[in-house]
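Reviewing the structure listed below.
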Amino acid sequence: MLDIKRLETDFEGVKKNLGTRNFDTSVLNEILDLNKQRKTLTTASETKKAEINRLSREIGELKKNKADAAGPMGQVAALKADMEKEAKDLDTVLAKQQALLLNIPNLLDPSTPVGKDENDNQEAKRWGTPRTFDFTPVDHADLGEKLGMLDFESAAKITGARFVVYKGGIARLERALINFMLDHHMGKGFTEMMTPFIAHERSLVGTGNLPKFKDQLFKLEDNDWYLIPTSEVTLTNLKREQIIDEAEFPFLYTAYSPCFRSEAGSHGKDVKGLIRMHKFNKVEMVAICAPSYSPTAHQLMIDSACEILQRLGLPYRALNLCSGDIGFASQKTIDLEVWVPSQNKYREISSISNCGDFQARRANIRFRNKEGKVDFAHTLNGSGLAVGRTVVAILENYQQKDGSVQVPEALVPYMGGLKEIKK
RNA sequence: GGAGGACUGGCCGAGUGGUUUAAGGCAACAGUUUUGAAAACUGUCGUGGGUUAACGCCUACCUGGGGUUCGAAUCCCUAGUCCUCCGCCA
């Protein structure tokens, strides 16, 4: 959440920064105006409250001495109506201001390139050479169906479109990847967690998914519970509304979870195959740390995710997302894209973001430094990796002419020694 | 699902309508003492918001929300969480 003090002291700077996103900054004037009202009403109502408190103590004293308290009681009655009206107006102003602030995206890091859309993202790195096939590579959906191990029809029968049933070797591959990824991150100093797959509204507000992106979530009936769209939500909220001793930093978490997304508005996109599902598995990394450490944590997470792709021998590139394409809560995001032969292009498999203090302000995650000063923490999150899309990449990049799929060497131990997925 | 109990600062814990402006202890930090440490002693010791050049002053917060009252940690309603017992259950 935007720091209102920052808006007060550097209005033009904030406006310029947010203007490079696809964001209408006219709302900032409204917020500033509400803030003036907030201050005026606060001063007015608190002054009256102070007087009422003083008079109440006087009444107590008088009553104790069996004296007449009618005078001060009359004064209180006169002040109270005004005070209550001002307090009520203040609540209204605060609610309005809060509602607007919750929809303001994060300020961008200076190293985030300015650009209009995904075409302006900056390629930061490229690793591996896409394989040259001596036959025409099949896409993963056809490949999996021919193997009898990807069953979209059954999933549609059980639930609907954008779901899948895995069977046999591919089911095992998915499970192997989860374990492989978790083990890898643990080796880099991350602590494995397993969290609830349902979170309440407050948690989703904390990470920035609510209120703005409600239509992307699955909500449960009869309460304020939502299926998590990523375990970033639960991992980040582990420290919500806490003041942490700086000596405990950094918190580095990794977790597997299923992720649930309504994919509203993406009709017609990636309709075939595993790329875009309502439910997919993901291994996530989250860091909660001091501001000075967050660039280091960001690099640590990027490196850890890259190394997984390298250990799996999957060609990829890294993009520094531009201002027009970066997510709501992020100040700097690196996307990793893996090579998908059937599409002849790189596709997103990980997104690693430094959110600065944006989520920490929403979720009230603070820390106390050695001098005893309290400040907001920094939070970061990144996929490490999207498991279903890793399956896509392995099936396609490691496919063989006869329709079988080679298992990447690093994964063989996780597959119980199996070197090939075949019918 | 039913019945009962609890929730106070970083932690423990006193407080059941008016010097509570939350006692006391622990932990932490600073100082005195010490060759150094420990101990002892002294002091500091929550978070927001408003106001101020600053020192300060004011205000809110005793799990969240609402209410009663001139005045609420304290009384009432409500939600949450935890504990105990009963029932059901992987």
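By convention in this document, chain letters (A, B, ...) are assigned in the order of the sequence lines, proteins followed by strands, and residues within each chain are numbered from 1. Being a predicted model, the structure only gives us computed values, none of them experimental.
Judged by distance alone, with hydrogens and angles left aside, the side-chain atoms of A/Arg361 form no donor-acceptor pair with the main-chain N or O of A/Phe376 at under 3.5 Å.
The base-pairing partner of B/U19, taking Watson-Crick or G-U wobble contacts with both distances under 3.5 Å, does not exist among the strands shown. Applying the Watson-Crick and G-U wobble criteria (two distances, each under 3.5 Å), B/A72 pairs with nothing in any strand. Taking a pair to require two hydrogen-bonding distances under 3.5 Å in either a Watson-Crick or a G-U wobble arrangement, B/A79 pairs with B/U63. Applying the Watson-Crick and G-U wobble criteria (two distances, each under 3.5 Å), B/C57 pairs with B/G50. In this structure, B/C26 and B/G10 make a Watson-Crick or G-U wobble pair, each of the two defining distances being under 3.5 angstrom. Under the Watson-Crick or G-U wobble criterion, with both distances below 3.5 Å, B/A40 is paired with B/U32. Base pairing annotation: B/A3 forms a Watson-Crick or G-U wobble pair with B/U84, both donor-acceptor distances under 3.5 Å.
For A/Asn53, no side-chain nitrogen or oxygen approaches OP1 or OP2 of B/G71 to under 4.0 Å. Of the side-chain N and O atoms in A/Arg38, one or more sit less than 4.0 angstrom from OP1 or OP2 of B/G50. Between B/G48 and A/Arg366, a contact under 4.0 Å exists linking OP1 or OP2 to a side-chain N or O. Between B/U21 and A/Arg57, no contact under 4.0 Å exists linking OP1 or OP2 to a side-chain N or O.
A donor and an acceptor atom never sit less than 3.5 Å apart when one is taken from the side chain of A/Glu61 and the other from the base of B/G18.
By the 4.0 Å N-to-carboxylate-O rule, A/Lys85 lies close enough to A/Asp89 to be salt-bridged with it.
Comparing B/A73 with B/C61, their P atoms are spaced 7 Å from each other, to the whole Å. Spacing of C1' atoms, B/C82 relative to B/U8, comes out at 16 Å, to the nearest Å. Remark: the separation of the C1' atoms in B/U19 and B/U32 is 33 Å, to the nearest Å. Spacing of C1' atoms, B/C86 relative to B/G64, comes out at 30 Å, to the nearest Å.
At whole-Å resolution of the value, NZ in A/Lys48 and P in B/A60 are 15 Å apart. Nucleotide B/G10 holds its P atom 17 Å from the CZ atom of A/Phe367, rounded to whole Å. Between A/Asn364 atom CG and B/G64 atom C1' there is a gap of 14 Å when expressed in whole angstrom units. When rounded to the nearest whole Å, the span between CG of A/Asn65 and C1' of B/U19 equals 13 Å. Nucleotide B/C61 holds its P atom 17 Å from the CD atom of A/Glu241, rounded to whole Å. Atoms CD1 (A/Ile4) and P (B/G48) sit 17 Å apart, rounded to a whole Å. Here B/U59 presents its P atom at 18 Å from CG of A/Leu94, a figure rounded to the nearest Å. Remark: P of B/U19 and CD of A/Glu58 are 15 Å apart, rounded to the nearest angstrom.
Taken from OG1 in A/Thr254 to CE in A/Met181, the straight-line distance is 10.0 Å, to the nearest 0.5 Å.
Between A/Phe180 and A/Tyr414, the ring centre distance stays below 6.0 Å. Proximity of the aromatic rings of A/Phe328 and A/Phe358 is defined here by a centroid distance below 6.0 angstrom, and this criterion is met. A centroid separation of less than 6.0 Å is found between the aromatic rings of A/Phe249 and A/Phe367.
Mapped onto RNA chain B by nearest heavy atom, A/Ile243 and A/Thr43 fall at different nucleotides, with A/Ile243 at the one closer to the 5' end.
Residue A/Lys63 is in base contact, counting any heavy-atom pair closer than 4.0 Å across all strands shown. Across all strands shown, A/Asp245 has no heavy atoms under 4.0 Å from either base or sugar-phosphate atoms. Among the heavy atoms of the strands, none lies under 4.0 Å from A/Leu55.
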Before giving the answer on side-chain hydrogen bond (donor to acceptor under 3.5 Å, both in side chains), spell out for A/Ser330 and A/Asn106 the whole-Å C-alpha distance, their side-chain angles and the decisive distance to 0.1 Å. CA-CA 6 Å; A/Ser330 180; A/Asn106 198 358; 6.0 Å; no

